[in-house]
Amino acid sequence: MPTTSGARNGGRLLVDALRVHGVDRLFCVPGESYLEVLDALYDTTEIALVVAKHEGAAANMAEADGKLTGRPGVCFVTRGPGATHGSIGVHTAYHDSTPMILFIGQVQREVRGREAFQEVEFRQMFAPLAKWVAEIESADRIPEYVLRAFQVATSGRPGPVVLSLPEDVLAEESSACDTQPYQAVQAAPGDRDLAALRDELQRASRPLLIAGGSSWSDAGCAALARFADANALPVLASFRRQDLIDNRHRCYAGHLSLGLPPFLQQRVKAADLIVALGSRLGDVTTLTYSVLKPPRIAARLVHVHPDANELNRVYQADLPIVAAPSAAAERLAAIPPVESARWREWTETARREYEQFLAIPDKGPRQGVDMAVVIRHLATALPANATIANGAGNFTVWVHRFFTYKAPHTELAPTSGAMGYGFPAAIAAALRHPDRLTVCIAGDGDFLMYPQELATAAQYGARVLVLVVNNGMYGTIRMHQERRFPGRVSGTGLAGPDFVALAQSFGAHAERVETTEGFAPAFERALAAGRSAVLELRVDPNQITPDRRLDTLA
Ligand SMILES: Cc1ncc(C[n+]2csc(CCOP(=O)(O)OP(=O)(O)O)c2C)c(N)n1
Ligand SMILES: [Mg+2]
């Protein structure tokens, strides 16, 4: 409800606006450029303030919170140094289509443009990174800008918004009124779209549904499973969208990820109808536009996407439908199923191939912990609602291949491929769902981006189990290096710290695991520890993927 109040300073107006929009948690690193905001938070008990130790971590936390809730994750940082650090979270929110708002304290208006202390022109800096970026030039307009920020971040294809806040605007008094709460606006498919889609299915022999994108609700995911089931449609997950359908579902057939295995490449190429539901059909999902070649793929294409601008942008669709994926799935689940007998075998084979791919390869590592066994253990031992977070590195190949995601919003993984994402994201998840287990799986390089956030986890009582997959190198880059420049190791070795001592110094439970058999008991002890835990897993550096060894790559 819009309310009128007396004069408030800009900081108070802003915090009141956040309250109006239902914000209950902010992530930040403090700065003198937004003291009025911090002051207004002093007596705003509805909004919890989580102070990270690095703005990259704070922004990743906000991004993850947006992913988990479907509401904008909110982050505050200070001028140039804070904003440049925090930009990684904005980039990830853009690529991952996650609602997020980054607020930046800015220099006061009267010195703008002089390269004043820490001044950056944020409208230019964030132009290609954010869905919308603006600077609020008067306190009177704070409620208007904040409403628009929430609206833009959540509507159509969700994404990040950046608002720059000159510090004298935050100090300025204004008698502006609060706005009404934002209302995310999403398109739904029309009857004609649904009938045309059903026609496409009726004409198909080897249909394939590729699910992806963001802003899926639990109900939308449930509808996707019903629609697939009713029509016996094989479902593939786009890159890092593996939690859209229970991976145990008889129709789930795999993940279009980095290092796409031949059986999935063939499956995509052999389809005669692709229904892309929410996915952009991006670079990784399509094996750099090779298994689906733009502008016209070999199969017929139904492309359902929440952003009209995405349709016919890269791929020419036979049937473009502008709709939020959840709304589309809910309506599709309600249409009469088509006769699916002619592709029953196609679907069953797709499922069987996926199940075979889950088996632990015979030629495992020759020393250390076998990550295939570890991830299969997690897949069976963790409750269905446990959250799995990761950043970037070859260790993720094991996670994405061997873990079976079972519930929506349990995968926190950056489609942007940002190292360092997983641990801050896991902290955000543990705060959002303290009743659920949160496991972060990180490489040694990946974890070393933000290990100091163990302090943040401890300070706010976020319980995270971190598995540090230690191969003593930047394995992904070493793999590429070995292929291009065999034997010439340059810049890809990694001398890590004593991870156990590091974690213990922050008060976490910590252990080093050196054998596969040692993992399960260490995992139990970590869960029983009652606080965050770090397990350093020593793995065979030669085992660069589940199926490949470094010494036989070239
Ligand atoms: C922020 C960021 N910096 C650099 C990269 C490039 N990069 C991708 S994977 C990788 C190595 C990851 O190393 P580690 O976490 O140890 O995992 P491993 O590949 O060894 O399993 C690097 C440097 C990136 N993706 N993101
Ligand atoms: Mg490594």
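Both counts, for ligands and for their atoms, begin at 1 and track the order of listing. Not measured: the values here are computed from a predicted model.
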Can a cation-pi geometry be assigned to R351 and Y252, taking NZ or CZ under 6.0 Å from the six-membered ring centre and within 45° of the ring axis? no

Distance filter under 4.0 Å to G445 heavy atoms, resulting ligand 1 atoms: 14 (P), 15 (O), 16 (O)

Atom indices of ligand 1 within 4.0 angstrom of F395 heavy atoms, with elements: 15 (O), 17 (O), 21 (O)

N471 contact mode with ligand 1 (heavy-atom cut-off under 4.0 Å): side chain

What residue and heavy atom of the protein are closest to atom 16 (O) of ligand 1, and at what distance? D444 OD1, 2.5 Å

Geometric N/O contact T476 with ligand 1, under 3.5 angstrom: yes

Contact check: G475 vs ligand 1, nitrogen or oxygen atoms, below 3.5 angstrom: yes

Is the Mg ion (ligand 2) less than 2.8 Å from at least one N/O/S atom of N471? yes

Might you work through the ring-ring contact (aromatic ring centres under 6.0 Å, His included) test for Y450 and F423, ending with a clear yes or no? CA-CA 7 Å; Y450 303 117; F423 183 43; 8.9 Å; no

Evaluate side chain to side chain contact (heavy atoms under 4.5 Å, CB included) for N470 paired with L537, printing each intermediate quantity in order. CA-CA 6 Å; N470 188 1; L537 311 182; over 6 Å; no

Taking 2.8 Å as the cut-off, does D444 contribute an N, O or S atom near the Mg ion (ligand 2), distance below it? yes

Is a donor on one side and an acceptor on the other found under 3.5 Å between the side chain of D540 and the backbone of V369? no

Heavy-atom pair with the smallest gap, counting every atom of Y289 and L281: CE2-O, 3.9 Å

Where ligand 1 meets D446 - atom numbers and elements under 4.0 angstrom, heavy-atom basis: 14 (P), 15 (O)

Run down the list H91, M371, M419 and name the one with the heavy atom closest to atom 3 (N) of ligand 1. M419

Taking atom types as modelled, is there a side-chain donor on E63 or T98 under 3.5 Å from an acceptor on the other? yes

Close-contact set for ligand 1 against A392 heavy atoms, below 4.0 Å: 12 (C), 15 (O)

F523 and H377 aromatic centres sub-6.0 Å: yes

Ring-plane angle category for F403 and Y405, please: parallel below 30°, perpendicular beyond 60°, tilted otherwise. perpendicular

Salt bridge check: are E511 and R525 linked by an N-O gap of less than 4.0 Å? yes

Hey, is V469 one of the residues with a heavy atom under 4.0 angstrom from ligand 1? no

Just by distance, no angles: are the side chains of Q106 and E119 close enough, under 3.5 Å, to form a donor-acceptor pair? no

Please say whether L494 places an N or O atom under 3.5 Å from an N or O atom belonging to ligand 1. no

Looking at ligand 1, does any of its N/O atoms fall within less than 3.5 Å of an N/O of G417? yes

Whether G420 lies under 4.0 Å from ligand 1, heavy atom: no

for atom 13 (O) of ligand 1, nearest protein heavy atom and its distance come out as Y474 CA, 3.6 Å

Looking at E310, R157, H305, K67, which hits side-chain hydrogen bond (donor to acceptor under 3.5 Å, both in side chains) with S97? R157

Do any of the N/O/S atoms of T476, backbone or side chain, fall under 2.8 Å from the Mg ion (ligand 2)? no

Test of understanding: given a 4.0 Å heavy-atom threshold, classify the contact between I477 and ligand 1 as side chain, backbone, both, or neither. side chain

Out of all atoms in ligand 1, which are within 4.0 Å of some heavy atom of M473? Include the element for each. 16 (O), 20 (O)

Under a 3.5 Å cutoff, is there a donor and acceptor pairing between the side chains of T456 and E453? yes

